[in-house]
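Worksheet: one structure, shown below.
Indexing begins at 1, ligand by ligand and atom by atom, following the structure's order. Fair warning: this is a prediction, and the values are worked out from it, not measured in the lab.
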Amino acid sequence: MEWDGGDVRTRFLTLASQWHSRHPAPSSGGGRIDGPQPGQWMWHPPAHSIYDSHTYEGPDDDWLEVAIRIENADYSPGHCRIGASLAVACRCEGGHGQHTVVETLWRSGGPTAALEALTTVLRSTDQWLAGSRRPDWWRRTAGLA
Ligand SMILES: [Zn+2]
């Protein structure tokens with residue numbers, strides 16, 4: 001299978017629409033994370049990065065953010081890294097933005113492996129959020145103040 005194959009693109013768009021249907025609201029995570037900003041999902045990982053996130057607001061300005069990322073592994077052409085993370089607002093004195101409480105990262109060579117990794121990563125985010133969508137719950141689970 002090639003990166004630009006029709007079947008590959010169709011599977012990717014199906015996975016992208018799964019994510020978007022679960023996280024339909026516009027992200028409010030802007031400015032909290034360095035790096036690529038949320039945008040349109042485009043296939044061809046050799047050429048594009050994908051970054052998207054969704055924030056669940058809690059009481060007292062608390063928040064939980066789920067983020068997904070697909071990017072090139074620049075040192076090996078055609079490979080990409082696919083990952084997701086869950087983070088909560090930082091409550092430290094002299095805050096540093098956010099604390100990652102759980103994450104998963106895969107590295108894949110070739111489009112089939114990349115799609116399988118993306119499927120697994122999306123399933124992980126579903127499982128995390130099935131546990132709870134409340135920042136205070138994740139904060140306690142991670143042992144954060
Ligand atoms: Zn902190």
Side-chain angles (χ1 to χ4, degrees), residues 3-4 8-145:
W3 285 104
D4 57 0
V8 167
R9 174 175 290 276
T10 300
R11 275 185 69 194
F12 171 73
L13 291 176
T14 301
L15 291 169
S17 71
Q18 276 176 20
W19 165 271
H20 287 302
S21 67
R22 287 180 177 105
H23 309 290
S27 170
S28 57
R32 286 181 185 137
I33 288 187
D34 294 330
Q37 290 302 300
Q40 191 182 4
W41 286 40
M42 300 179 74
W43 188 229
H44 293 304
H48 296 286
S49 296
I50 293 166
Y51 176 81
D52 207 354
S53 65
H54 184 78
T55 303
Y56 297 90
E57 306 284 347
D60 304 323
D61 274 338
D62 205 0
W63 49 263
L64 173 73
E65 182 185 80
V66 59
I68 190 161
R69 183 185 290 264
I70 303 176
E71 57 199 4
N72 300 335
D74 0 274
Y75 42 86
S76 49
H79 285 62
C80 60
R81 288 188 296 264
I82 300 172
S85 62
L86 210 55
V88 294
C90 171
R91 290 277 168 91
C92 304
E93 231 170 291
H96 39 84
Q98 65 178 31
H99 290 265
T100 299
V101 291
V102 57
E103 61 187 330
T104 182
L105 183 62
W106 295 76
R107 197 179 130 179
S108 332
T112 304
L115 287 168
E116 279 165 13
L118 181 57
T119 303
T120 302
V121 162
L122 289 175
R123 193 173 300 136
S124 294
T125 63
D126 286 343
Q127 286 166 353
W128 298 339
L129 294 169
S132 177
R133 299 182 171 206
R134 296 175 42 155
D136 59 338
W137 188 91
W138 282 100
R139 189 176 295 285
R140 272 199 314 278
T141 301
L144 295 164

Is any side-chain heavy atom of Leu86 closer than 4.5 Å to a side-chain heavy atom of Thr100?
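Sidechains of Thr100 and Leu86: no contact.
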For distances below 2.8 Å, what is the count of protein N, O or S atoms around the Zn ion (ligand 1)?
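My tally for this metal is 4.
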In terms of side-chain geometry, is the basic nitrogen of Asp52 or Arg69 positioned less than 4.0 Å from the acidic oxygen of its partner?
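Looking at Asp52 and Arg69, the cut-off is not met.
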Pairing of Arg22 and Asp126 as salt bridge, 4.0 angstrom limit
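Salt bridge present between Arg22 and Asp126.
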If a pair satisfies ring pair (Phe, Tyr, Trp, His ring centres under 6.0 Å) and one of its residues is in residues 117-145, list it, with sequence neighbours excluded.
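Checked against ring pair (Phe, Tyr, Trp, His ring centres under 6.0 Å) - neighbours excluded - no pair reaches residues 117-145.
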Mind jotting down which residue pairs meet the ring pair (Phe, Tyr, Trp, His ring centres under 6.0 Å) criterion with at least one end in residues 83-112? Sequence neighbours excluded, please.
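Counting only pairs at least two positions apart or across chains, the ring pair (Phe, Tyr, Trp, His ring centres under 6.0 Å) contacts touching residues 83-112 are His96-His99.
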Donor-acceptor pairs are to be reported for all side-chain atoms of residues 129-136 against protein atoms at under 3.5 Å, with residues two or more places apart or in another chain.
unit_1, atom_1, unit_2, atom_2, d
Ser132, OG, Arg134, N, 3.0
Arg133, NH1, Tyr56, OH, 3.3
Arg134, NE, Asp136, OD1, 3.1
Arg134, NH2, Asp136, OD1, 3.3
Arg134, NH2, Asp136, OD2, 2.6

